[in-house]
Amino acid sequence: MYNRAVKRIAVLTRDCGGVNAAIRAVVRTAAAAGLEVLGVRRGYEGLIDGDFTPLDRRSVSNIIGHGGTILKTSRSERFYERGFQEQAAANIRRAGVDGLVVIGGNGSLAAAHVLASQHGLRVVGVPATIDNDVPGVDKSLGGDTALNVALDALDKIRDTATSMERIFVVEVMGRKSGWLAMQVALAGGCEEVLLPEKDLPMETVFEDIRAGHALGKISWIVILAEGKANAQDVAAAITGATGLETRIVVLGHIQRGGSPTAADRILAARLGHAAVEALQAGRADGCVHLKNGAIEFLPFSEAPERKTIDIEADYRLLRILS
Ligand code: F6P
């Protein structure tokens, strides 16, 4: 816990649905408390370069419904090097910033932990990732928007799938996490889902399709999580084993963009506000999140190593309903 009052804060982000709404909440909460705010442009790259821009109430007008991040962002390779971490921390101090809000996923929050635990900065995180895989956090910002964007695309794909005798393999984002794939598959009423967290012999999938086809079923949608396999390979294997025509759709980055859903905007408002309040209360080196409807502060040191999703129950449900 820190006792010194916070006077000037900075905010740094990655991009996904609801991040702009969270920036707005941070800036306006800070303004209401008489604090100054600096935006860090281009994520950790901008922190290393000292690329800061002042933000006031007006600079966040009308961004609540916009996707992406008004601050721009990056993946920073340089931040892995201690020298650049020190440079980033020095820039923050030189700018008179005494509290930093980091809005992002596991990479961004790990870097936030480094700044707080090794460089003495007061940093509070807001979990924001379409993978919804932040350890100890039920719901990250951006997950709901990505799910709805993917579902909208899926409903359109289903129109062709059900009109033609065809199998679609639809790849959704998630290199290490099958959360989005599982949710989309359930929400879209899909027949099969292939997840990094689950070993499913492809022969089971082929057999299922053959059996369904023998009974007159003509279309299937197989959701594939990005990190599980290559969509082209999966489609070729299905066609090879079943003789049925297969098409692939890779949804890619459209899932990270788009206007945030109501749920993400509200989560952004709560978490952005809570992050500033946490800094004012002297908290640091952790993130704010919602647990059973209430804001909690989770110190990074107390977070579990990884978030494991319990997919078996959802997977069984998917198979029963498909
Ligand atoms: O972590 C969020 C995420 O969108 C993943 O789902 C995806 O695997 C990855 O980022 C893509 O990263 P990039 O935008 O750097 O290609």
Side-chain angles (χ1 to χ4, degrees), residues 1-15 19-20 22-57 59-60 69-128 134 141 271-288 297-301:
M1 290 282 250
Y2 293 79
N3 294 322
R4 192 166 34 85
V6 175
K7 291 200 181 99
R8 181 179 288 165
I9 65 169
V11 55
L12 172 158
T13 79
R14 280 282 289 165
D15 71 292
V19 165
N20 280 326
I23 296 172
R24 172 180 176 270
V26 167
V27 171
R28 295 211 166 154
T29 302
L35 313 181
E36 286 177 50
V37 188
L38 294 180
V40 180
R41 292 169 42 79
R42 300 182 292 110
Y44 284 98
E45 282 291 288
L47 198 59
I48 292 167
D49 296 335
D51 190 357
F52 304 145
T53 182
L55 295 174
D56 61 18
R57 293 185 60 83
S59 25
V60 294
T69 168
I70 57 163
L71 291 173
K72 315 274 186 238
T73 190
S74 58
R75 281 202 190 277
S76 176
E77 289 302 320
R78 289 192 293 167
F79 195 84
Y80 288 106
E81 292 176 36
R82 191 162 174 97
F84 286 115
Q85 294 167 11
E86 281 164 2
Q87 190 170 315
N91 286 337
I92 282 282
R93 290 201 178 90
R94 203 171 305 121
V97 168
D98 31 35
L100 174 66
V101 177
V102 171
I103 305 171
N106 283 326
S108 305
L109 297 180
H113 180 44
V114 166
L115 286 175
S117 60
Q118 297 178 28
H119 301 275
L121 296 185
R122 292 162 74 161
V123 192
V124 167
V126 171
V134 175
L141 204 57
L271 297 185
H273 176 76
V276 176
E277 286 204 326
L279 283 172
Q280 287 181 293
R283 293 192 181 278
D285 201 9
C287 66
V288 288
F297 183 82
L298 175 67
F300 290 133
S301 59

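Along the sequence shown, the residues carry numbers beginning at 1.
- At a threshold of 4.5 Å between non-hydrogen side-chain atoms, the residues I23 and L55 count as touching.
- A donor-acceptor pair under 3.5 Å is formed between the side chain of R8 and the backbone N or O of A95.
- Within the 3.5 Å criterion, the main-chain N or O of K7 finds a donor-acceptor partner in the side chain of D98.
- Atom CD of E45 sits about 15.5 Å away from atom NZ of K72, to the nearest 0.5 Å.
- Taking each heavy atom of F297 and A278 in turn, the nearest pair found is CD1-CB, 4.2 Å.
- Separating the CD atom in Q118 from the CG atom in D285 is a distance of 10.0 Å, to the nearest 0.5 Å.
- Across I9 and V6, no two heavy atoms sit closer than the pair CG2-CG1, 3.3 Å.
- Of the possible polar contacts, one joining the Y44 side chain to the A112 backbone as a donor-acceptor pair under 3.5 Å is found.
- Between I48 atom CD1 and E81 atom CD the span is 8.5 Å, to the nearest 0.5 Å.
- Between L100 and V11, every side-chain heavy-atom pair lies at or beyond the 4.5 Å cut-off.
- Here the straight-line distance linking atom CG of D51 with atom CG of L38 works out to 11.0 Å at 0.5 Å rounding.
- In terms of heavy-atom proximity, R283 sits nearest to V124 at O-CG2, 3.6 Å.
- Atom OG1 of T53 is separated from atom CD1 of I70 by 8.5 Å, given to the nearest 0.5 angstrom.
- Looking at heavy atoms from C-beta onward, V126 lies in side-chain contact with V288 at the 4.5 angstrom threshold.
- In this structure a side-chain-to-backbone donor-acceptor pair under 3.5 Å is missing from T13 to I103.
- Between H273 and T29, the closest heavy-atom pair is ND1-OG1, 3.0 Å.
- Counting heavy atoms from C-beta outward, H119 and V114 have side chains that approach closer than 4.5 Å.
- Using a distance-only test at 3.5 Å, with no hydrogens or angles considered, no donor-acceptor pair links the side chain of R14 to the main chain of G105.
- Residues V37 and A30 come closest through the heavy atom pair CG2-CB, 3.4 Å.
- Among all heavy-atom pairs drawn from V60 and V27, the shortest one is CG1-CG2, 3.9 Å.
- The structure places OG of S76 at 9.5 Å from CZ of R42, a figure rounded to the nearest 0.5 Å.
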Take R41 and F52 through the test side-chain contact (heavy atoms from CB on, under 4.5 Å) and record every step on the way to the result. CA-CA 6 Å; R41 292 169 42 79; F52 304 145; over 6 Å; no
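- At least one donor-acceptor pair closer than 3.5 Å links the side chain of N91 to the backbone N or O of L47.
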